[in-house]
Amino acid sequence: MQRRNVLIVQRDMTLLLDREAHYAAEARSAIGSFTELLKVLGQFEVYECTPVTVWNALAQGLKCEKIIDLLHTYAKGALPAACESQIKLWASRFGRLTLLLDDQQLIMQGDEAMMQELESLNLGSSWIEAKHPNNRWIIKQEGRGFLKQELAKAGYAVQDLVGYHDGEAVHMELRQQAQSGASFHLRDYQRKAIAAFHRDRVGGSGVIVLPCGSGKTVTGIGVMASLQTATLIVTSSVTSAKQWRDELLDKTSLSPEDIGLYGGKARSVEKITIATYTILTHRNKSTDQYDHMKLFSERDWGLIIYDEVQLLPAPIFRMTAMIQATRRLGLTATLIREDGCANDVFSLVGPKLYDLSWKKAEEQSYIAKVHCTEVRVQLPAHAEEQYNTASARLRLKIAAINPNKIATVKQIMRLHPDLPTLIIGQYIEQLEEMSVELGVPLLTGSTDYEQREAVFKKFRNREISTLVVSRIANLAVDLPDAAVAIQVSGSFGSRQEEAQRIGRLLRPKRGANEAWFYTLVTEGSKETEFALKRGLFMLEQGYQYRCIHEQEVFL
């Protein structure tokens with residue numbers, strides 16, 4: 001391939017993409033599978049290549065030679081030798097260490113050079129029972145997950161070939177016609193994702209990445225149907241848990257008695273049980289113990305599904321390390337971790353097995369085409385004086401609750417008068433004011449569940465066209481007809497949050513199949529910097545934010 005000369009590849013494994021260059025979009029797509037976007041500096045997008053990004057690429061079939069070739073193709077000048085050597089080193093460690101079961105003993109093996117390297121670094125020593133001279137180490141049975149976790153953090157990937165137990169048998173079939181009356185079948189990419197979960201000779205652990213609105217839940221249900229085993233599903237909220245239950249009842253032969261909810265006030269454990277991260281990580285104040293973690297051993301689970309795996313809390317990582325004999329599936333729209341725990345997802349849940357880009361899903365009309373716009377809003381004079389004398393933390397809040405945003409929201413709504421609209425924010429007092437000014441319902445975390453669901457139902461039925469919602473809209477709110485989202489305030493540069501909020505719009509729409517996402521930020525404030533960070537995920541997916549000033553909205 002002809003040299004493109006749009007990347008500056010640095011020795012520290014960061015890549016600078018000139019976003020104004022002719023081949024920028026092509027290069028962005030080419031490096032996306034083995035890098036992660038960190039930030040934007042002027043005209044440059046800054047990407048990082050790490051052991052996990054390389055291993056995830058290899059797990060999906062990309063060869064090390066192809067990664068190097070792509071870097072040579074798009075790099076300006078010569079590729080640094082140190083960079084090429086580092087990628088080759090990480091790649092050489094992928095699959096070179098294996099875990100297997102031999103005569104009921106857990107064995108880690110590798111070539112002589114690799115095992116000597118681990119021994120010299122004293123890696124994994126606390127989990128080793130004995131070292132045989134033929135480069136085979138006997139590992140403590142309880143160390144299967146913890147050893148993989150420790151080695152991954154040190155830059156060594158372990159291929160787990162031990163296998164999994166089948167768990168309690170459960171008969172379930174996928175319907176050809178859903179209970180709702182609609183015809184039902186798995187889409188082609190869902191079948192490919194399910195096949196990827198069973199791809200290698202043992203199968204059974206890894207992460208599937210699909211855009212919001214493309215059917216992650218249905219894909220998980222497809223995996224369940226292929227395994228026919230008792231399943232524990234862990235998800236982000238009670239709302240999400242009930243959506244999982246509804247989808248299972250609508251699209252499979254399971255009965256209500258087969259499905260238990262374990263979250264909120266519910267404590268039902270059935271052969272298919274849906275729990276929340278919140279209940280599992282609730283700590284008993286008197287004993288300082290996670291009492292509900294016992295759920296992981298209350299039945300003979302054959303599969304555990306981690307919905308929104310990018311949010312997996314630290315206490316559940318430890319439990320996951322202890323149940324490596326159970327098949328594990330992670331589902332997410334983005335593997336971005338704000339806490340630096342990507343190694344733990346890779347080592348304990350599994351590698352990325354399948355990834356459908358948002359743009360590809362959009363091109364095939366599986367999700368709506370979304371237009372992203374950042375609107376810069378000026379602070380009023382009195383607020384600007386307050387902002388200039390405030391502390392750094394208070395400045396962010398002043399910028400976020402900028403009163404001029406209300407008029408801008410009203411004008412944006414006039415641009416889309418007949419479309420279902422969500423107004424999403426971080427600060428409750430701001431949302432309360434929006435709700436009063438617009439005369440529309442407000443839903444927050446303190447809203448009673450039944451009341452919340454009643455309002456959502458009215459929105460779905462088009463009885464109301466606009467909702468003001470807090471962070472509860474980030475996850476698992478099924479509002480398929482929402483076509484406009486206006487973000488008036490957000491977290492401190494959370495890329496996860498941006499992806500989740502935009503995800504509320506992506507379900508396919510009748511007619512033009514389009515949606516609009518607006519994020520309002522105060523001109524000249526720290527909020528613009530956080531907005532840029534939040535938008536990195538969409539940039540990585542191939543979307544561009546159009547940046548305008550509030551005056552342009554009123555034209």
Side-chain angles (χ1 to χ4, degrees), residues 59 97-109 127 129 136-149 151-152 158-173 193-208 219-235 248 252 254 258-260 262 269-275 280 292-307 309 312 315-331 344-351 353:
L97 289 169
T98 56
L99 273 178
L100 50 87
L101 201 63
D102 186 1
D103 195 23
Q104 301 305 308
Q105 288 186 318
L106 185 61
I107 304 292
M108 182 172 72
Q109 66 180 20
W127 306 108
E129 282 190 347
R136 289 163 59 92
W137 295 355
I138 300 176
I139 306 301
K140 297 175 183 178
Q141 291 289 338
E142 69 273 18
R144 180 176 173 181
F146 295 109
L147 177 68
K148 290 190 293 183
Q149 186 180 28
L151 292 180
V158 180
Q159 185 177 15
D160 190 336
L161 302 178
V162 176
Y164 308 92
H165 73 264
D166 291 332
E168 178 184 349
V170 171
H171 177 71
M172 62 177 288
E173 295 179 0
I194 294 166
F197 185 73
H198 300 290
R199 182 170 56 202
D200 59 36
R201 59 179 175 162
V202 289
S205 65
V207 177
I208 292 172
T219 304
I221 291 171
V223 171
M224 293 169 62
S226 70
L227 291 174
Q228 301 282 309
T229 187
T231 302
L232 173 62
I233 301 162
V234 194
T235 190
L248 284 163
T252 76
L254 293 171
D258 296 327
I259 304 171
Y262 198 97
V269 181
E270 306 298 337
K271 50 191 176 185
I272 306 296
T273 297
I274 312 164
L280 292 176
H292 299 287
M293 286 290 186
K294 63 184 179 181
L295 182 61
F296 281 95
S297 57
E298 284 205 7
R299 288 192 85 118
D300 184 18
W301 309 114
L303 172 67
I304 296 177
I305 296 178
Y306 301 97
D307 192 20
V309 71
L312 199 64
I316 296 184
F317 276 128
R318 179 168 181 81
M319 180 56 68
T320 302
M322 298 167 65
I323 54 170
Q324 293 291 293
T326 303
R327 288 179 173 85
R328 303 169 307 284
L329 168 64
L331 296 172
D344 293 325
V345 174
F346 176 88
S347 59
L348 299 180
V349 179
L353 300 174

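- Remark: A169 pairs with no residue by the side chain to side chain contact (heavy atoms under 4.5 Å, CB included) rule, at least two apart or across chains.
- Between A193 and I208, the shortest heavy-atom distance links the atoms O-CD1, 3.5 Å.
- To the nearest 0.5 Å, atoms CG (L147) and CD1 (I139) are separated by 5.0 Å.
- With sequence neighbours left out, the side-chain hydrogen bond (donor to acceptor under 3.5 Å, both in side chains) criterion links T273 to no other residue.
- With sequence neighbours excluded, the residues forming a side-chain hydrogen bond (donor to acceptor under 3.5 Å, both in side chains) with S205 are Y164, listed by chain and number.
- Here F146 pairs with W127 under the ring pair (Phe, Tyr, Trp, His ring centres under 6.0 Å) rule; sequence neighbours left out.
- The side chain to side chain contact (heavy atoms under 4.5 Å, CB included) check on S297 picks up nothing, with sequence neighbours excluded.
- Within a 6.0 Å radius of CZ in R136, more than 12 heavy atoms belonging to other residues, nucleotides or ligands are found.
- The nearest pair of heavy atoms linking T320 to L348 is CG2-O, 3.5 Å.
- Contact record, D300 with A230: O-CB, 3.8 Å, taken as the closest heavy-atom pair.
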(message) Checking I272 against L248 for the side-chain contact (heavy atoms from CB on, under 4.5 Å) test, could you report, in this order, the C-alpha distance in whole Å, the side-chain angles of both residues, the deciding distance, and whether it holds?
(response) CA-CA 10 Å; I272 306 296; L248 284 163; 3.9 Å; yes
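- Interatomic distance, CE of M224 versus OG1 of T252, reported as 7.0 Å (0.5 Å rounding).
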- Trace of the side-chain contact (heavy atoms from CB on, under 4.5 Å) decision for L232 with I305: CA-CA 6 Å; L232 173 62; I305 296 178; over 6 Å; no
Next on the checklist: Let's go through T231 and I304 carefully: what are the C-alpha distance in whole Å and the side-chain angles of both, what is the deciding distance for side-chain contact (heavy atoms from CB on, under 4.5 Å) to 0.1 Å, and is it a yes or a no?
Outcome noted: CA-CA 6 Å; T231 302; I304 296 177; over 6 Å; no
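- Heavy-atom minimum distance, Q324 versus S347: OE1-O, 4.0 Å.
- With a 4.5 Å cut-off on side-chain heavy atoms, T98 and V158 do not count as touching.
- Contact annotation: the side chain of V269 approaches that of E298 to within less than 4.5 Å [non-hydrogen atoms, C-beta and beyond].
- Annotation: the span from M108 atom CE to L161 atom CG amounts to 13.0 Å, rounded to 0.5 Å.
- Y306 and T235 share no donor-acceptor pair across their side chains, judged by distance under 3.5 Å alone.
- The line from CG of L280 to NZ of K294 is 11.5 Å long, rounded to the nearest 0.5 Å.
- Atom-to-atom distance recorded for E270:CD and I259:CD1 is 9.5 Å, nearest 0.5 angstrom.
- Considering only residues two or more places apart in sequence or on other chains, D166 meets the side-chain hydrogen bond (donor to acceptor under 3.5 Å, both in side chains) condition with none of them.
- Counted within 6.0 Å of CE on M293, heavy atoms from surrounding residues, nucleotides or ligands total more than 12; the atom is thus considered enclosed.
- With sequence neighbours excluded, the residues forming a salt bridge (Lys or Arg N to Asp or Glu O under 4.0 Å) with E168 are R299, listed by chain and number.
- Not a single salt bridge (Lys or Arg N to Asp or Glu O under 4.0 Å) links R328 to another residue, sequence neighbours left out.
- At a threshold of 4.5 Å between non-hydrogen side-chain atoms, the residues L106 and W137 do not count as touching.
- One finds the CG atom of L329 at 8.5 Å from the CG atom of L353 (value rounded to the nearest 0.5 Å).
- S226 is linked by a side-chain hydrogen bond (donor to acceptor under 3.5 Å, both in side chains) to H198, counting only residues two or more places apart in sequence or in another chain.
- The nearest pair of heavy atoms linking G302 to T326 is C-CG2, 3.9 Å.
- Here the closest heavy-atom approach between residue I107 and residue D102 is recorded as CG1-CB, 4.0 Å.
- The closest donor-acceptor contact from the side chain of Q228 to the backbone of M172 lies under 3.5 Å.
- For the salt bridge (charged side-chain N to carboxylate O under 4.0 Å, His left out) condition, the pairs that include at least one residue of residues 137-149, sequence neighbours left out, are R144-D160, K148-D160.
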Working note: L295 + Y262, criterion side-chain contact (heavy atoms from CB on, under 4.5 Å); need CA distance, chi angles, decisive distance, verdict. CA-CA 9 Å; L295 182 61; Y262 198 97; 3.8 Å; yes
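- Remark: F346 pairs with W55 by the ring pair (Phe, Tyr, Trp, His ring centres under 6.0 Å) rule, at least two apart or across chains.
- Side-chain atoms of W301 do not come within 3.5 Å of backbone N or O of T229 as any donor-acceptor pair.
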